[in-house]
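Shown next, in structure tokens, is the structure this report addresses.
Chain letters run A, B, ... following the sequence lines, proteins first and then strands; every chain starts at 1.
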Protein chains: 2
Amino acid sequence: MTIYDISEKAGVSIATVSRVLNGSNNVSEKTKKKVLDVINQYEYTPNAFARGLGLNTMKTIGIMCADSSDPYLAKAIYYIEQKLRANGYDSILCCTGYDLDTKASSMNLLITKKVDGIILVGSNFIYEKEDDNKYILDAAGQVPVMLLNAAMDAPNVYSIVSDDFTSMYDATMEMIRSGVEDILYFYNSTSYSGKKKLAGYRAAMEEKGLLTNGSFLQLYQGSHEDIPAMADQLLKLHAKGITFHGVIAADDSLALGALKYAREMKLRIPEDLAIIGYNNSMLVNCCDPELTSIDNKLETLCQHLITTLMGVLGGSEMPKKTVFSGELVKRGTTK
Amino acid sequence: MTIYDISEKAGVSIATVSRVLNGSNNVSEKTKKKVLDVINQYEYTPNAFARGLGLNTMKTIGIMCADSSDPYLAKAIYYIEQKLRANGYDSILCCTGYDLDTKASSMNLLITKKVDGIILVGSNFIYEKEDDNKYILDAAGQVPVMLLNAAMDAPNVYSIVSDDFTSMYDATMEMIRSGVEDILYFYNSTSYSGKKKLAGYRAAMEEKGLLTNGSFLQLYQGSHEDIPAMADQLLKLHAKGITFHGVIAADDSLALGALKYAREMKLRIPEDLAIIGYNNSMLVNCCDPELTSIDNKLETLCQHLITTLMGVLGGSEMPKKTVFSGELVKRGTTK
DNA sequence: ATGAAAGCGCTAACAA
DNA sequence: TTGTTAGCGCTTTCAT
């Protein structure tokens, strides 16, 4: 069923059918009704390719994320996808993994598919070396690129970030204030936001003159699902004679690792070990006691991202970078 | 940059360029190289719409899932998306929510976008009333529809399921054998697979003559993230004087709810309360003790789903329904 | 208010 | 091996 068939059955030209389809008001009510009737009768829907060919847009946004099974990223995708749909856009999802080459080729693929914009979910898309970010610049040459939880200053690139530095700084300060001074920083990523978080911790510790021991920075490099491995890493640290009474984790799952460590060491929480996580994800009340965690307002970030993207696509001038503040949600793992 | 530009610059016809693009072997090495050089020089990529218009396919599969932030579904999407890409297909993701109307309209949207196939992730897409499943039949009239963890006997619909009945039956039997007879069944879904699980529990309990008390079936209807609410429900049950020493949960998060209940009641696990979850998700080692859970082999299911889909798209005859067995993974919450 | 016709960029059947 | 050409289904000027 094509526009020709409809035009024939309705006794009008294809142009008129097209006008009806696109809500032009230069059609008399009478013919409009006539055409609409035929369209409904035959359940005709226009061919998206043909339309795309002419308009060169398919109202589709490409979403890239390294690993959609990461609960935090999954949640972000969920919000983004919903809000896009509410704005009449579809989304093509690409789970790229953490490899640069794969990311770049996924990006090309999306461009090839003629997406109207690209959203990079998570800070791992921004690299240290400027050269490694070229793939983003290339893409931005074609369509707007939105960064969630990452920032990059380049034309046609828009960044929506949570103020990780301040969140982490405040959380660290709070823990110090509660009387804990030997605080371990447990992290798993050196991405854009990873660095901000770390810097927040450092700044607070330094300010209080507590940043003495290098092994207080613990980088975990295993799977984000492998809680036992995280606990193991802390157990080994303890075995080496390093003691700490607080853990600030860059991610809730790492905090759960710390919690597991505490249980295996028979430590009381929060008296012997205070723990703060990050993301305020569903994991926070999977455990006992429930996890104190930093809420970085994911839904707000996503909402703003989509609003900005819609603005850009609509031709409006939009802010290149937007920063939201996080919030420490206190639960049982801190005093 | 179009195929015409390239043909001109390379001094050949557009047909030749097209042949090079599509890897036809009816092109001499010499001209092939000539064309390829120009293509690379100008970084030309073909217009997907135009190609789609002619071929009427975009090598894209629609994925529908109710809620991509559900860890289990997120994981499934992750596997599916990866395996599709490995087969040269892209995916359009639709998070539909649990409402029938939304599901139906998402379905139409995907059809409109000319996807080559549709994958329904999760059993909540199949309804009790036959009429409510009409939207699936309609879609199957256009493209193959794949069901993950659900089954439906209809032309062009293919089902890949885990044998939930047997898994649940075996798990229940195992718990009974371990000496627990008052086993609560804690569930949150009456979907296709939800019913199978329940039936498995029932069959085992009935066989052992233990199915006496109706309130042993507890349906939880809140958010899958709200562990405290799940615990609450069990606490209320206890307050009503209903006692149980085992919980079999239809989902790992429900099992965590039971675990929380046990902690609040100061019950020893597994001595006072044995717990079995379902899905063997990352949640199983978020808690203490770690959760015994049923592994339903999600990756295998997804792999098989894609293999089947590729077969169907390739024109091969494929099995309409495939059943895999689950496996009970014993951890600390059972004897 | 309506229609005729020229693209949009590509594939594939047909000719040479 | 290569080129010519007719679609694919729609949007959008430009006439009328």
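With sequence neighbours left out, the side-chain hydrogen bond (donor to acceptor under 3.5 Å, both in side chains) criterion links Thr300(A) to no other residue. For the salt bridge (charged side-chain N to carboxylate O under 4.0 Å, His left out) test, no residue two or more places apart in sequence or in another chain qualifies with Glu8(B). The side chain to side chain contact (heavy atoms under 4.5 Å, CB included) test applied to Ser223(B) returns Glu225(B), Asp226(B), not counting sequence neighbours. Ala76(B) is linked by a side chain to side chain contact (heavy atoms under 4.5 Å, CB included) to Val121(B), Leu148(B), Leu298(B), Cys302(B), counting only residues two or more places apart in sequence or in another chain. By the side chain to side chain contact (heavy atoms under 4.5 Å, CB included) test, Asn87(B) pairs with Tyr89(B), Ile306(B), Met310(B), sequence neighbours left out.
Among pairs with a residue in residues 305-316 of chain A, those fulfilling side chain to side chain donor-acceptor pair (under 3.5 Å) read Gln303(A)-Thr307(A), at least two apart in sequence or across chains. Counting only residues at least two apart or in different chains, side chain to side chain donor-acceptor pair (under 3.5 Å) contacts with residues 133-148 of chain B comprise Lys134(B)-Asp138(B).
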Checklist entry - Given Watson-Crick or G-U pairs with both distances under 3.5 Å, what dot-bracket string fits DNA chain D, with | for other-strand pairs and [ ] for crossing? => result ||||||||||||||||

Can you give each donor-acceptor pair under 3.5 Å made by side-chain atoms of residues 65-73 of chain B, sequence neighbours left out, with the distance rounded to 0.1 Å?
unit_1   : atom_1 : unit_2    : atom_2 : d
Asp67(B) : OD1    : Ser69(B)  : N      : 2.7
Asp67(B) : OD1    : Ser69(B)  : OG     : 2.8
Asp67(B) : OD2    : Ser69(B)  : OG     : 3.4
Asp67(B) : OD2    : His224(B) : NE2    : 3.3
Asp70(B) : OD1    : Tyr72(B)  : N      : 2.9
Asp70(B) : OD1    : Leu73(B)  : N      : 3.3
Tyr72(B) : OH     : Asn149(B) : ND2    : 3.0
Tyr72(B) : OH     : Asn296(B) : OD1    : 3.4
Tyr72(B) : OH     : Asn296(B) : ND2    : 2.9

Name each donor-acceptor pair under 3.5 Å that joins a side chain in residues 152-162 of chain B to protein atoms two or more places apart or in another chain, with its distance.
unit_1    : atom_1 : unit_2    : atom_2 : d
Asn156(B) : ND2    : Ala140(B) : O      : 2.8
Asn156(B) : ND2    : Val143(B) : O      : 3.3
Ser159(B) : OG     : Met152(B) : N      : 3.2

Checklist entry - When you check every protein heavy atom under 4.0 Å of nucleotides 1-10 of chain D, what one-letter string (B, S, -) results, 5' to 3'? => result SBBBB--BBB

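Side chains of Thr60(B) and Asp90(B): a donor-acceptor N/O pair is absent below 3.5 angstrom, by distance only.
Mapping heavy-atom proximity under 4.0 Å, the span of DNA chain C touched by chain A runs 5' to 3' from dA1(C) to dG9(C).
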